[in-house]
Amino acid sequence: MSGVPEWVHLPDLASRGVGGSVVWANDESFAERENLISRAEPVHRAGTFGHKGQVYDGWETRRRREPGDDAAVVRLGLPGVVRGVVVDTAFFTGNYPPFATVEATSAVGHPSPEELAGWEVVVPRSPLRGDRKHHFDVAVRRRFTHVRLIIHPDGGVARLRVHGEPVPDPGLLLPGAVDLAALENGAAVVGCSDMFYSSPNNLIAPGQAAVMGEGWETARRRDDGHDWVEVRLAGAGVVRLAELDTSHFKGNAPGWAAVRGRDARVAPDRWFDLLPRTRLQPDTRHRFRLDAAPEATHARLEVFPDGGMARLRLFGSLTDDGMSDLVRQYQVLTATSSS
């Protein structure tokens, strides 16, 4: 779509689907704060009234009769560097906020909302319009764990999307036993042949897919090719076990799949087999032990000829260099964070 920034293809760090939570809001008189981070797009049915009035798929506060602003705090499911924020006022027309500000902070451990401090503006006070998505670039390059949406002075917002790059805490990783392809461990999708039905980021998201739409699915191929996704691993490592999960994909699972690896440090263009082309079953978690795999920095899932996959897991160990890179990245991105 014209005018939509590239960062919208990055993972939504705030989504409930990756463990995000709206931990506080000063008011939710008309519609619940939890709607802000629903992974589904907002919907609306006119003339549906509950005890709070028209039912809205979003967060809506009361009409203010005194000075002040309303706010909601979101704990990111995937702490990381925020590249852009979407404030979506879908279906809010006469009741949207005229302005909004977004702040962010980084916290250690599991603080309560009252214990959060050091808020930094990442989206300055900006005008909003009704029933539309507003895209805001974020220039601050730091690791954040929480964001705060402030609306001036009140009203309704359907969704808050916080797109960016997850940055794991290396102190919580076991170098000898880690999912090298996990989004929450710092892996990222860097290439994809097709994302017609759903995002390839779903492949490496936390947890199990609850429905088909929470996986990655391509269009039907009418040529002799096949589809693929390339993942930059969390760090340089050795993959020892691959899990290819076709759960929920029944008439549209791939017939076969392969996983290939490469070490971009020494041979950027040379791919080698981690898992050779292997037959798959529909609606099945497939697990394959991999023996004597070389070190890799990237992996490529190839599906033949097309279809859908719920999750890709690549369990193994980080090399010393891989772990050192993660530690260095974390230190750089937290060194100047607000305390």
Side-chain angles (χ1 to χ4, degrees), residues 1-5 7-25 27-63 70-78 84-98 100 102 126-136 147 149 151 154-163 195-202 205-219 247-249 252 308 310:
M1 182 184 298
S2 177
V4 176
W7 50 252
V8 299
H9 300 299
L10 294 173
D12 179 1
L13 307 180
S15 171
R16 188 66 179 175
V18 298
S21 177
V22 186
V23 296
W24 175 87
D27 184 88
E28 48 187 329
S29 294
F30 286 116
E32 295 77 11
R33 67 197 193 201
E34 286 81 7
N35 293 331
L36 272 176
I37 58 170
S38 172
R39 66 181 300 157
E41 287 295 291
V43 296
H44 183 70
R45 290 178 57 198
T48 53
F49 289 89
H51 66 280
K52 293 184 177 182
Q54 169 67 46
V55 176
Y56 277 96
D57 185 8
W59 168 55
E60 186 183 4
T61 68
R62 73 196 188 286
R63 298 189 186 210
D70 292 325
V73 174
V74 176
R75 185 191 67 237
L76 300 179
L78 298 171
V85 171
V86 180
V87 178
D88 186 356
T89 57
F91 306 112
F92 289 97
T93 52
N95 51 350
Y96 64 91
V102 181
S126 302
L128 302 181
R129 300 179 67 181
D131 194 27
R132 69 182 54 202
K133 293 181 179 179
H134 305 79
H135 299 86
F136 300 107
V147 297
L149 171 65
I151 55 175
D154 56 41
V157 174
R159 295 290 188 270
L160 176 69
R161 307 296 192 197
V162 183
H163 293 279
M195 57 178 88
F196 187 84
Y197 286 109
S198 47
S199 170
N201 288 317
N202 293 343
Q208 301 299 316
V211 296
M212 187 189 302
E214 294 182 7
W216 166 61
E217 184 181 3
T218 70
S247 291
H248 311 295
F249 292 95
N252 52 352

Restricting to non-hydrogen atoms, name the atom on [X] and the atom on [Y] that form the minimum distance, rounded to 0.1 Å.
| X | Y | result |
| --- | --- | --- |
| Leu128 | Pro97 | CB-O, 3.3 Å |
| Pro42 | Ala90 | CG-CB, 3.6 Å |
| Ser21 | Arg16 | CB-NH1, 3.6 Å |
| Phe30 | Arg62 | CE1-CA, 3.7 Å |
| Asp12 | Val162 | OD1-N, 3.0 Å |
| Trp216 | Asn202 | N-CB, 4.4 Å |

Got a donor-acceptor contact below 3.5 angstrom from the [X] side chain to the [Y] backbone?
| X | Y | answer |
| --- | --- | --- |
| Arg33 | Val22 | yes |
| His135 | Pro5 | no |
| Ser198 | Glu217 | yes |
| Trp59 | Asp27 | yes |
| Ser29 | Thr61 | no |
| Asp131 | Phe91 | yes |
| His163 | Leu10 | yes |

- List the steps and the verdict of side chain to side chain contact (heavy atoms under 4.5 Å, CB included) for Glu214 and Arg39. CA-CA 9 Å; Glu214 294 182 7; Arg39 66 181 300 157; 3.6 Å; yes
- Message: Would you say CZ of Arg129 has more than 12 non-hydrogen atoms from neighbouring residues, nucleotides or ligands within 6.0 angstrom?
- Response: no
- Decide if the gap between the ring center of Phe92 and the ring center of Tyr56 is smaller than 6.0 angstrom. yes
Would you say the side chain of [Y] lies within less than 4.5 Å of the side chain of [X], judging by non-hydrogen atoms?
| X | Y | answer |
| --- | --- | --- |
| Leu149 | Val74 | no |
| Leu13 | Val147 | no |
| Glu34 | Glu28 | yes |

- Note on the structure: Here the gap from Tyr96 atom OH to Arg132 atom CZ, rounded to the nearest 0.5 Å, amounts to 9.0 Å
- Query: Pick from Thr89, Asn35, Asp88, Asp57: which one makes a side chain to side chain donor-acceptor pair (under 3.5 Å) with Arg159?
  - Reply: Asp57
- Derivation and outcome, side chain to side chain contact (heavy atoms under 4.5 Å, CB included), residues Leu160 and Val87: CA-CA 5 Å; Leu160 176 69; Val87 178; 4.1 Å; yes
